[in-house]
Structures are given as C-alpha cells and as structure tokens.
Amino acid sequence: MSAAINRASDFCARFGLRVPILLAPMAGASAPSLSVAVAKAGGLGACGVLLMQPAEITAWANEVRSGSNGAFQLNIWIPDPPPLRDPAHEARVRAFLGQWGPPVPPEAGDATPPRFSEQLEAMLAAGPPIVSSVMGLYPPDFVARLKQRRIAWFANISTVAEARAAEEAGADVIVAQGAEAGGHRGCFDAAAAERQMVGLFSLLPAVADAVKLPVVATGGIADARGVAAALALGASAAQIGTGFLRCPEAKIAPAWADALARTAPEETMVSRAFSGRAGRSIATDYVRAATGPDAPTPAPYPVQRGLSAAMRGAGTRAGDVHRMQVWAGQSAALARAEPAGDLVRAFWEGARALLA
Ligand SMILES: Cc1cc2nc3c(=O)[nH]c(=O)nc-3n(C[C@H](O)[C@H](O)[C@H](O)COP(=O)(O)O)c2cc1C
C-alpha cells in the first residue's frame with residue numbers, strides 16, 4: 001500500500017497540503033469557517049460560488065485567507081443554455097408546490113442566477129491556488145488565463161468519457177464523483193444524470209486507468225475507511241462533502257444536520273424536485289411526492305429552483321426537513337458533529353493505519 005501513500009504524498013506536496021483531505025465545494029453550504037478549519041488542519045478548503053455575486057466571492061476568499069494559509073478551491077457550474085419555458089406546465093408545478101408551502105406566483109420561475117462571466121472574473125481576481133469546474137468544462141480562453149496565473153484546474157466528472165474530455169481540455173486534476181454523492185450530480189449532459197449513475201467503486205479504478213492525471217475521489221466518503229478505500233482504488237486524495245456538514249463550523253440548519261445522522265444509505269434519493277437538475281437529497285415526504293406518479297415533472301433548471309424557493313424558505317424557517325432542501329450523500333449517517341479539524345486528522349490518521 002505504500003504506492004497509495006506515496007501517491008497521496010506527491011499530491012500533497014504539489015498542492016501545499018499536509019493531508020490529502022479536501023472539503024467538497026458545496027454551493028449554499030460553504031461557510032468560510034468550515035474552510036478555515038479544514039485548511040488549518042492541513043487539508044483544502046472549498047467554496048461553491050454558484051449562487052454568489054462577485055463581491056460575495058471576493059469577501060469569501062478574503063475571509064478564508066485571513067484565517068488560514070489560503071489553501072482553498074473556488075468552484076463553479078458550467079451553465080447550460082437557457083431553459084425552454086412552458087407556462088402551462090409551470091402552472092401545474094406551482095399548484096403542486098403550493099400544497100407544500102406558500103402559493104407560488106408565476107414570476108417565481110424567472111429568478112436569474114448571477115452572471116457567469118462576472119463570477120469567473122471575480123474568481124480569477126481572488127487568485128485562489130485552485131479553481132474547479134462541474135457540469136462541463138471551461139472554454140479554452142479561460143483555461144489559458146488559469147494557466148497564465150498558475151491556478152490549477154480541478155475538473156469534476158462522473159463518467160470515464162468526461163474524465164478523458166477533461167484531460168484533453170487541459171485539466172490538472174480529475175475529481176471523480178461517484179453516484180453516492182450528496183448534492184447535484186456533476187454530469188456534463190444533464191439529461192443523462194439518472195442513466196449514468198456510476199458508483200465510486202467502479203468509477204475510480206476505471207478513471208485512474210483512463211487518464212494520466214491525479215484523481216481525487218468524491219461521493220460517499222465520510223470516514224477513514226472510505227478514505228483508505230479511495231486511495232487503494234487509485235485516488236490521490238479524498239474529497240468529502242456530507243461528512244463535514246454536521247461540524248459546528250458548517251453552520252447549516254440544525255434540522256438538516258440532525259436529519260443527516262438518522263439517514264441510512266437507502267433513505268437518500270436522486271431527483272430533480274428542488275432545482276430541475278438531478279441531485280441527491282434525503283428522501284423526504286416532498287421529494288417522494290414530487291417524484292410520484294401523480295406529480296408534474298419538475299420544470300427545467302433553474303426554473304424549478306425559483307419555483308421551489310418559497311417552500312424551501314418556509315421549511316427552513318419552520319425547521320421542517322420535509323419541506324427543506326436537505327442534500328445528503330449515501331453515507332450521511334457517518335457524518336459526525338465534531339470540529340472539522342478533528343475530523344480531518346481522524347480521517348487521515350485512520351486511513352494511514354488501514355493502508356499501512
Ligand atoms: C449541500 C451540497 C452542495 C453541493 N454543491 C456543489 C457545488 O456547488 N459544486 C460542486 O461541484 N459540487 C457540489 N456538491 C457536490 C460535492 O462537491 C461532492 O461531489 C459531494 O458532496 C460528494 O459526496 P458526499 O456528499 O457523499 O461527500 C454539493 C454537495 C452538497 C452535499
């Protein structure tokens with residue numbers, strides 16, 4: 001197993017880390033305090049900037065840098081073309097959502113995300129050591145600008161074909177996301193997200209064999225056993241999302257954090273019920289109903305996100321997980337309510353002992 005440890009050591013040396021543990025970028029759940037704690041313990045912090053305006057991206061980077069050594073990645077979704085709107089269908093979705101939360105006005109579906117081009121500029125200006133992509137690849141001109149600034153590009157993929165395409169496009173590291181992962185699936189082709197559900201045990205060795213780049217494993221890793229298994233299967237580092245969400249520094253809603261602890265692997269599911277794009281959450285009453293035979297198909301991304309906002313907001317205010325957006329990976333129940341730095345150390349010391 002020294003080959004696995006050596007691979008991890010090389011990765012750490014290249015990216016200035018003491019341990020090969022990465023916090024997963026989690027849009028809406030990227031508290032600066034969590035990244036500070038992970039980076040201080042020798043791992044890599046992360047921010048999912050999807051929903052953030054440029055000034056918020058700048059402020060996040062400044063805060064994490066001032067509290068740590070500045071080891072973090074900034075992550076963004078590659079946008080899809082604008083969705084096709086269908087007012088009659090949206091009316092059915094609004095009526096359905098109105099049974100779960102406040103009435104949904106027609107204009108709720110018009111909510112527009114921050115401008116991608118402005119977010120990219122803010123990411124570059126923040127000067128992070130690493131920028132990552134998900135749901136697709138950066139255009140060549142942006143890749144060139146990353147390389148000019150010596151910013152490494154970590155490309156999230158969920159299939160072997162996507163890994164090859166990312167290598168070809170100039171990525172520095174491949175982040176292989178298994179179907180166990182919490183949150184949105186990072187498939188380049190949104191339509192294929194449910195069909196191409198590859199678990200990490202199959203994806204990781206296949207990707208490690210297919211590309212020459214270092215591979216980071218993510219999806220369902222939430223303890224030392226998972227970290228050791230990922231390294232044994234060919235990864236250079238492990239990236240953990242749900243496993244950090246119960247840490248006090250994550251600052252997520254208490255009802256969500258508590259629910260993670262009670263969620264068995266089979267009690268999560270992938271649906272489009274929150275945003276219109278496939279993502280794994282706890283199989284709440286709302287998600288089960290929204291995917292049932294009588295429910296209207298969710299509107300496309302990001303329309304569904306706007307339509308479901310009122311219900312999600314009301315659910316969060318009431319502490320009702322059944323109406324909240326409770327993203328969760330299949331290993332949610334392994335997440336521990338302990339300081340993130342302690343978890344980072346335990347993940348790596350435990351994995352090293354298993355691999356020795
Ligand atoms: C709340 C939440 C938000 C997420 N947001 C993003 C995101 O903005 N960008 C991204 O690349 N991945 C996102 N992900 C996926 C994670 O980066 C990672 O793939 C996943 O957490 C790994 O699975 P795990 O949760 O079982 O550790 C998100 C995951 C969660 C749980």
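For ligands, and for the atoms within them, numbers begin at 1 and follow the listed sequence.
If you number the atoms of ligand 1 from 1 as listed, the ones under 4.0 Å from a heavy atom of Gln177 come out as 15 (C), 19 (O).
Ring pair Tyr301/Trp77: centre-to-centre distance below 6.0 Å. A centroid separation of less than 6.0 Å is found between the aromatic rings of Phe154 and Phe15.
Each ring-ring contact (aromatic ring centres under 6.0 Å, His included) pair with one or both residues in residues 275-299, not counting sequence neighbours, appears once here: Trp100-Tyr286, Phe274-Tyr286.
The closest protein non-hydrogen atom to atom 1 (C) of ligand 1 is Trp327 CD1, 3.5 Å. Considering only non-hydrogen protein atoms, atom 9 (N) of ligand 1 sits nearest to Asn75 OD1, 2.8 Å. For atom 5 (N) of ligand 1, the nearest non-hydrogen atom of the protein is Ala27 N, 3.0 Å. Of the protein's non-hydrogen atoms, Thr242 OG1, 2.5 Å is the one closest to atom 25 (O) of ligand 1. The nearest protein atom to atom 4 (C) of ligand 1, hydrogens excluded, is given as Met26 CA, 3.3 Å; this is a heavy-atom distance. Scanning all protein heavy atoms for the shortest distance to atom 22 (C) of ligand 1 gives Thr218 OG1, 3.2 Å.
At a 4.0 Å cut-off, not a single heavy atom of Gly186 sits close enough to ligand 1 to count as contact. Heavy atoms of Ser331 come nearer than 4.0 angstrom to ligand 1 in no pair at all. In this structure, Phe244 has no heavy atom closer than 4.0 Å to ligand 1. Contact analysis puts Pro25 in contact with ligand 1, with a non-hydrogen atom separation below 4.0 angstrom.
When Gly329, Gly220, Gly241, Gly182 are checked for heavy-atom proximity to atom 29 (C) of ligand 1, Gly182 turns out nearest.
In the model, Ser133 has a side-chain atom that pairs as donor or acceptor with a side-chain atom of Trp153 under 3.5 Å. With 3.5 Å as the limit, one finds no donor-acceptor pair spanning the side chains of Glu121 and Ser117. Donor-acceptor pairing under 3.5 Å is lacking for the side chains of Ser275 and Gln304.
Checked by distance only, ligand 1 and Gln330 stay at 3.5 Å or farther apart across all their nitrogen or oxygen atoms.
Contact annotation: for Val134 versus ligand 1, heavy atoms closer than 4.0 Å belong to the side chain alone.
The minimum heavy-atom distance between Pro102 and Ala314, with the atom names listed, is CD-CB, 4.0 Å.
Other residues, nucleotides and ligands contribute at most 12 non-hydrogen atoms within 6.0 Å of the CZ atom of Arg288.
Alongside Leu84, the hydrophobic cluster contains no other residue (criterion: ILVMFWY side chains under 4.5 Å).
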